[in-house]
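Note that ligands are numbered from 1 as they come in the structure, with each ligand's atoms numbered from 1 the same way.
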Amino acid sequence: MIDQIVVDARDLTRVFGTSPPRTAIEGVDLRVHSAEFVAVFGPSGSGKSTLLSIVGGLDTGYRGTATLLGRDLAAMSDRELSRLRGAHVGFVFQAFHLLDHLSVLDNVLVPSLFHPRSASMDDAREALRKVGLHDRMSDPTTALSGGQRQRVAIARAIAHRPALLICDEPTGNLDADTAAQIIDIFTSLNRDDGATVLCATHDTRIAEAASRTIELRDGRVVAAEVSP
Ligand SMILES: Nc1ncnc2c1ncn2[C@@H]1O[C@H](COP(=O)(O)OP(=O)(O)O)[C@@H](O)[C@H]1O
Ligand SMILES: [Mg+2]
């Protein structure tokens, strides 16, 4: 795989509101290369979600520069950002966000309704195989456990083979054993498939699984470490 800079963010600052203004992140740099697994680690309120929203093209109200796959996000319209996300980014959130009246397979295919050239039926099946749910494809998601529901959300996020998989507290709603299974999936997606993973967490086990960790405290980077 060609080494590529997937995310390049420099001196990012995000201030919310005016009376009083609240600085969510300040002066943050983040660079993510292809095939890296980077954890953004820090306590609640430290700015992790704010940082991920900016580099994932979901929030444009920042100062500083942010590029995704070489494209300057501040220079793009909402429509262009939506297309870029649909084609090249997959998102996994703490709360799964599944559509419970649909089957497992249909949930994985939902993004392709909005981005027609994204995941095919075969891609969706392959993604479900990777997360170990190929035998549950026609079940309603209501029949699944929390960990299985998060695996559906991961399959949905990877089916179109995104250049960047962004995860925001993906184990936050799961018990320890289930969380460990989810972490194993991210590890194998990264190690075996070369997926580029950017994961916000306060779970130390995700930080240990990652190839690199940046630590935020009160909106600033306080440490950056490479795993031994
Ligand atoms: N949309 C928003 N409006 C106002 N304040 C916000 C908003 N989003 C985040 N913040 C504030 O920014 C800070 C960082 O939040 P966040 O990025 O969600 O942290 P984390 O994900 O690490 O818990 C917090 O003080 C939070 O209250
Ligand atoms: Mg958060």
Side-chain angles (χ1 to χ4, degrees), residues 6-32 36-68 73-74 76-78 81-82 85 89-98 146-147 149-151 153-154 156-158 162 164-176 178-180 182-183 185-186 196-225 227:
V6 179
V7 170
D8 196 2
R10 304 290 175 93
D11 202 14
L12 289 184
T13 294
R14 179 63 162 111
V15 179
F16 289 106
T18 48
S19 52
R22 183 190 282 265
T23 303
I25 58 172
E26 186 164 17
V28 171
D29 293 338
L30 173 66
R31 193 184 272 196
V32 180
E36 275 197 300
F37 179 174
V38 178
V40 177
F41 187 75
S44 180
S46 58
K48 304 182 296 296
S49 296
T50 300
L51 176 60
L52 264 47
S53 296
I54 293 170
V55 301
L58 289 167
D59 174 19
T60 52
Y62 60 89
R63 296 199 306 269
T65 59
T67 69
L68 179 59
L73 297 173
M76 297 173 70
S77 67
D78 287 347
L81 286 171
S82 167
R85 288 193 307 265
V89 187
F91 291 95
V92 175
F93 298 101
Q94 178 170 349
F96 320 144
H97 300 299
L98 303 181
R149 292 163 66 80
Q150 188 62 303
R151 287 196 265 154
I154 294 169
R156 179 181 57 191
I158 64 171
L164 178 64
L165 179 59
I166 291 183
C167 317
D168 196 345
E169 309 263 12
T171 59
N173 280 2
L174 304 174
D175 63 66
T178 309
I182 295 298
I183 295 167
I185 290 173
F186 291 124
T196 308
V197 182
L198 177 61
C199 186
T201 189
H202 51 247
D203 186 334
T204 51
R205 290 166 310 165
I206 293 187
E208 282 160 17
S211 43
R212 190 155 64 79
T213 301
I214 75 158
E215 188 174 346
L216 292 180
R217 190 75 41 110
D218 294 331
R220 290 178 171 275
V221 177
V222 291
E225 284 171 19
S227 293

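- Here is the list of ligand 1 atoms found below 4.0 Å of a heavy atom in Pro43: 22 (O).
- Annotation: Asp175, atom CG; neighbour count of heavy atoms from other residues, nucleotides and ligands within 6.0 Å is above 12.
- The proximity of Arg22 to ligand 1, defined as any non-hydrogen pair under 4.0 Å, is limited to the side chain.
- The side-chain heavy atoms of Val40 and Thr201, taken from C-beta on, include no pair separated by under 4.5 Å.
- Below 3.5 Å of separation, one finds no N or O of Phe16 facing any N or O of ligand 1.
- Using a 4.5 Å cut-off on side-chain heavy atoms (C-beta onward), Arg31 and Arg10 make contact.
- Close to ligand 1: Ser44, with a non-hydrogen atom less than 4.0 angstrom away.
- At least one donor-acceptor pair closer than 3.5 Å links the side chain of Arg85 to the backbone N or O of Gly57.
- Coordination check, Ser49 versus the Mg ion (ligand 2): passed, since an N/O/S atom of the residue sits under 2.8 Å.
- Shown in contact with Ser46 at under 4.0 Å from a heavy atom are these atoms of ligand 1, numbered in order with element: 19 (O), 20 (P), 22 (O).
- Scanning the protein for heavy atoms near atom 17 (O) of ligand 1, the closest one is Thr50 OG1, 2.5 Å.
- Nearest protein neighbour of atom 18 (O) of ligand 1, counting heavy atoms only, is Ser49 CB, 3.8 Å.
- Side-chain contact between Phe91 and Asp168 is absent, with no heavy-atom pair separated by less than 4.5 Å.
- Given atom 19 (O) of ligand 1, the protein heavy atom at minimum distance is Gly47 N, 3.1 Å.
- Atom 23 (O) of ligand 1 has its nearest heavy-atom neighbour, among Ala24, Gly45, Ala200, in Gly45.
- Formation of a donor-acceptor pair under 3.5 Å by the Arg205 side chain with backbone atoms of Ala176 is found in this model.
- Of the possible polar contacts, none joining the Lys48 side chain to the Cys199 backbone as a donor-acceptor pair under 3.5 Å is found.
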